[in-house]
Amino acid sequence: MKFYLSAFFICATLFFAAGCDRAEGPGKDVVAIVNGEPISLRMLEAVQDFGSVGLGVSRQDSVDSLKKQYGEALAALIVRTLVMQELKKASLEPSETQLEQLESTVRKDYDDDEFERELTEDNISLDVWRKLMRLHLAVEIFADNFLKNRVYVPLDEMEAFYEAHKTQFKVPRTLTLKYVSGDEQALVASARSDYLKHSKSVLDDRLVVVDVNMRGESVPQEWRKEVLALSPGQATAVKSYAGHYHFVSVTGIRPERQLSLLEAYPLVESILLEGKLDREFGEWLRKAVALSSIKMSTHLLPTFKQDKP
């Protein structure tokens with residue numbers, strides 16, 4: 001679920017909300033104070049250094065965009081802090097067990113000490129990373145307990161959306177391809193000839209054979225024109241590349257197909273629910289900001305200016 005609001009929207013809300021202090025700023029090592037709770041410069045730098053971190057912040061390398069990125073990162077942290085405060089009121093803040101489970105899941109994607117090494121390279125301590133993950137969990141818990149029970153998509157709304165966006169719910173034309181490669185041109189050519197004559201499987205330990213399903217637009221550019229012109233049972237010529245020889249044959253074609261409403265039901269429901277949840281979250285955020293006391297560093301306020309069209 002994405003609860004991403006632009007930095008401009010959040011800033012505009014903060015600027016005009018009751019209780020928002022635009023004075024000189026919270027302090028040297030604090031970039032914002034939300035209802036008495038400080039957001040440290042280190043947390044802000046961590047979001048920026050680590051990129052997205054599940055907080056809805058994009059990362060770019062352009063120097064010109066650096067201040068804007070820090071503004072977006074601060075906006076994301078302010079919003080997540082408000083969410084966490086709401087959860088604390090209801091005694092629903094993320095537990096240590098939930099945080100440990102999330103960390104365990106993340107670590108499974110890394111080998112040995114690779115996870116810690118990556119954090120070090122990004123100049124992020126494990127403690128700060130865990131704080132960021134706690135904020136990430138807070139958004140999910142908030143959605144489950146405060147938003148999802150407020151939204152519902154009736155069948156007639158789904159039917160109307162499906163009819164208005166039918167082209168979005170098509171299964172594209174898909175090719176079943178056989179890729180055959182080897183070191184000897186004569187061997188690959190013989191395999192191609194046997195396949196075309198007898199349509200039999202290519203069985204030879206000296207050859208690499210890969211079967212794959214692929215959309216037409218996903219076929220590599222150097223093969224695309226020739227492959228798309230083939231019918232099932234046909235093959236490209238044997239070609240040479242980087243000291244190897246190969247050919248591609250088309251073994252099957254599944255034509256484009258329109259999904260029925262019943263088949264598209266999960267996708268339609270997901271799209272409509274996502275929009276309703278985002279609007280519900282936006283409404284909650286406006287009210288939460290209006291009732292909050294938020295102080296922000298004046299050094300970051302200019303980053304919230306709306307981009308000119």
Counting distance only, does the side-chain N/O of [X] pair as donor-acceptor with the main-chain N or O of [Y] below 3.5 Å?
{"X": "Glu93", "Y": "Met84", "answer": "no"}
{"X": "Asn35", "Y": "Ser293", "answer": "yes"}
{"X": "Ser292", "Y": "Ala288", "answer": "yes"}
{"X": "Thr81", "Y": "Leu77", "answer": "yes"}
{"X": "Thr120", "Y": "Glu116", "answer": "yes"}
{"X": "Ser193", "Y": "Ala189", "answer": "no"}
{"X": "Arg254", "Y": "Arg173", "answer": "no"}
{"X": "Arg107", "Y": "Phe115", "answer": "no"}
{"X": "Glu114", "Y": "Asp111", "answer": "yes"}
{"X": "Lys276", "Y": "Tyr152", "answer": "yes"}

Would [X] and [Y] pass as an ion pair if we require N to O under 4.0 Å?
{"X": "Glu283", "Y": "Arg150", "answer": "no"}
{"X": "Glu103", "Y": "Lys108", "answer": "no"}
{"X": "Arg130", "Y": "Glu96", "answer": "no"}

Close side-chain approach of [X] to [Y], heavy-atom, < 4.5 Å:
{"X": "Val34", "Y": "Leu82", "answer": "yes"}
{"X": "Asp211", "Y": "Thr176", "answer": "no"}
{"X": "Val30", "Y": "Ile39", "answer": "no"}
{"X": "Val180", "Y": "Arg192", "answer": "no"}
{"X": "Leu87", "Y": "Lys89", "answer": "no"}
{"X": "Gln258", "Y": "Phe169", "answer": "yes"}
{"X": "Phe142", "Y": "Phe281", "answer": "yes"}
{"X": "Leu102", "Y": "Gln98", "answer": "no"}

How many angstroms lie between atom [atom1] of [X] and atom [atom2] of [Y], to the nearest 0.5 angstrom?
{"X": "Thr174", "Y": "Met214", "atom1": "OG1", "atom2": "CE", "result": "10.5 Å"}
{"X": "Ser260", "Y": "Tyr162", "atom1": "OG", "atom2": "OH", "result": "6.0 Å"}
{"X": "Ser249", "Y": "Gln234", "atom1": "OG", "atom2": "CD", "result": "10.5 Å"}
{"X": "Ser40", "Y": "Glu45", "atom1": "OG", "atom2": "CD", "result": "8.5 Å"}
{"X": "Leu285", "Y": "Glu86", "atom1": "CG", "atom2": "CD", "result": "11.0 Å"}
{"X": "Lys131", "Y": "Leu126", "atom1": "NZ", "atom2": "CG", "result": "11.5 Å"}

Linking I/L/V/M/F/W/Y whenever their side-chain heavy atoms sit closer than 4.5 Å, directly or via other members, would [X] and [Y] fall into one cluster?
{"X": "Leu277", "Y": "Trp284", "result": "yes"}
{"X": "Leu99", "Y": "Val128", "result": "yes"}
{"X": "Leu155", "Y": "Val153", "result": "yes"}
{"X": "Leu267", "Y": "Leu272", "result": "yes"}
{"X": "Val250", "Y": "Val188", "result": "no"}

message: The test is salt bridge (charged side-chain N to carboxylate O under 4.0 Å, His left out); show your working for Glu226 and Lys239 and say whether it passes.
response: CA-CA 12 Å; Glu226 190 174 0; Lys239 297 185 178 182; 2.9 Å; yes
- request: Take Val106 and Trp129, measure what side-chain contact (heavy atoms from CB on, under 4.5 Å) needs, and give me the verdict at the end.
  value: CA-CA 12 Å; Val106 172; Trp129 180 84; 4.0 Å; yes
field: Arg215 atom CZ: more than 12 heavy-atom contacts under 6.0 Å
entry: no
query: Does a sphere of radius 6.0 Å around CG in Asp112 hold more than 12 heavy atoms from other residues, nucleotides or ligands, not counting ones at 6.0 Å or beyond?
result: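 Not more than 12 within 6.0 Å, no.
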Looking at every non-hydrogen atom in both residues, tell me the closest pair between [X] and [Y] and how far apart they are.
{"X": "Leu44", "Y": "Ala73", "answer": "CD1-CB, 3.5 Å"}
{"X": "Leu196", "Y": "Gly233", "answer": "CD2-O, 3.2 Å"}
{"X": "His244", "Y": "Ser181", "answer": "CB-OG, 4.1 Å"}
{"X": "Leu132", "Y": "Ala46", "answer": "CD1-CB, 4.0 Å"}
{"X": "Leu259", "Y": "Ala264", "answer": "CB-CB, 4.3 Å"}

query: Taking the six-membered ring for Trp, are the ring centroids of Phe247 and Trp223 within less than 6.0 Å of each other?
result: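 Ring-ring flag for Phe247/Trp223: false, centres at least 6.0 Å apart.
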task: Step by step, work out the side-chain contact (heavy atoms from CB on, under 4.5 Å) result for Thr251 and Tyr195.
output: CA-CA 10 Å; Thr251 59; Tyr195 175 77; 3.0 Å; yes
message: For Met296 and Ile78: C-alpha separation, side-chain torsions, deciding distance, then whether side-chain contact (heavy atoms from CB on, under 4.5 Å) applies.
response: CA-CA 9 Å; Met296 294 167 31; Ile78 289 173; 3.8 Å; yes
field: side-chain contact (heavy atoms from CB on, under 4.5 Å) between Val209 and Lys178, worked out
entry: CA-CA 7 Å; Val209 182; Lys178 184 182 295 292; 3.9 Å; yes
field: Tyr179: partners by ring-ring contact (aromatic ring centres under 6.0 Å, His included), with sequence neighbours left out
entry: His246
